[in-house]
Peer 1: 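Sharing a structure, written as structure tokens. Questions coming.
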Amino acid sequence: MTRELLLAVFIMGVGLCVAGAVTHLYQWLARQPAILRFDGKTFLASLGNLAISFVCGPYIMLQMGWRHEEDGTISMASALFSALVAFGWAFITGLLFMSLYVAIRY
């Protein structure tokens, strides 16, 4: 049971690391903030924005949870909900990249 739990935590960690690295790389290369979107000038641009949103999604969700309210405070419900979504999403992203690694490596 402990091995499975540690494997799940490891996969989530990989997903968050990949999401953070791709987010910062995208923001550095595109010179614009990474946001969740699926629009674009062309169909190919829309698919690129959708792919970036999928990979960068966990990191963006964690950032969205720490946004301040109008009175300068952080909503605990917003932070917890965004963390729940982000870690679930990071598991899927981590599973995708770990599967690609295993498929290429072996």
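Values below: all heavy atoms of this structure, side chains included; hydrogens, waters and symmetry mates excluded.
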Peer 1: Working to the nearest 0.5 angstrom, can you tell me the gap between Leu47 CG and Leu50 CG?
Peer 2: 7.0 Å

Peer 1: Supply the atom-to-atom distance Ile11 CD1 to Leu96 CG, rounded to the nearest 0.5 angstrom.
Peer 2: 11.5 Å

Peer 1: Can you check whether Val14 reaches Tyr101 side chain to side chain, under 4.5 Å on heavy atoms?
Peer 2: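 Not touching, per the 4.5 Å side-chain cut-off.
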
Peer 1: Distance-only check: which donor-acceptor pairs under 3.5 Å involve side-chain atoms of residues 21-36, not counting sequence neighbours?
Peer 2:
| residue | atom | partner | partner atom | Å |
| --- | --- | --- | --- | --- |
| Thr23 | OG1 | Ala19 | O | 2.6 |
| His24 | NE2 | Tyr59 | OH | 2.9 |
| Tyr26 | OH | Gln32 | NE2 | 2.7 |
| Tyr26 | OH | Arg37 | NH2 | 3.1 |
| Arg31 | NH1 | Trp28 | O | 3.1 |

Peer 1: How close do Met12 and Phe91 get, heavy atom to heavy atom, and via which atoms?
Peer 2: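 Heavy atoms only, the tightest pair is CG-CB, 3.7 Å.
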
Peer 1: Would you compute the distance between atom CG of Leu44 and atom OG1 of Thr42 and round it to the nearest 0.5 angstrom?
Peer 2: 5.5 Å

Peer 1: Run the side-chain contact (heavy atoms from CB on, under 4.5 Å) test against Thr2 and tell me which residues pass, sequence neighbours left out.
Peer 2: Leu6

Peer 1: With the 4.5 Å side-chain cut-off for hydrophobic clustering, are Met64 and Trp66 part of the same group?
Peer 2: no

Peer 1: Is a side-chain N or O of Ser78 found less than 3.5 angstrom from the main chain of Ser75, in a donor-acceptor match?
Peer 2: no

Peer 1: Between Leu62 and Leu16, is there a side-chain heavy-atom distance shorter than 4.5 Å?
Peer 2: yes

Peer 1: Under a 3.5 Å distance rule, please check whether Trp89 uses its side chain to pair with a backbone N or O of Cys56 as donor and acceptor.
Peer 2: no

Peer 1: Of the non-hydrogen atoms in Ser46 and Gly40, which two are nearest, and what is the gap between them?
Peer 2: OG-N, 3.3 Å

Peer 1: Take atom CG of Leu100 as the centre, draw a 6.0 Å sphere, and report whether it contains more than 12 heavy atoms from other residues, nucleotides or ligands.
Peer 2: yes

Peer 1: Linking I/L/V/M/F/W/Y whenever their side-chain heavy atoms sit closer than 4.5 Å, directly or via other members, would Ile60 and Phe54 fall into one cluster?
Peer 2: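 Ile60 clusters together with Phe54.
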
Peer 1: Would Phe87 end up clustered with Val18 when hydrophobic side chains under 4.5 Å apart are linked, directly or stepwise?
Peer 2: no

Peer 1: What heavy-atom pair brings Ser82 and Gly65 nearest, and what distance separates the two atoms?
Peer 2: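 The pair with the smallest heavy-atom distance is OG-CA, 3.0 Å.
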
Peer 1: Could you tell me if the side chain of Asn49 sits less than 4.5 Å from the side chain of Phe38, heavy atoms only?
Peer 2: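 Side chain of Phe38 against side chain of Asn49, heavy atoms only: no contact under 4.5 Å found.
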
Peer 1: Do Met98 and Phe10 have side-chain heavy atoms sitting under 4.5 Å apart?
Peer 2: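 They are in contact (side-chain heavy atoms under 4.5 Å apart), so the answer is yes.
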
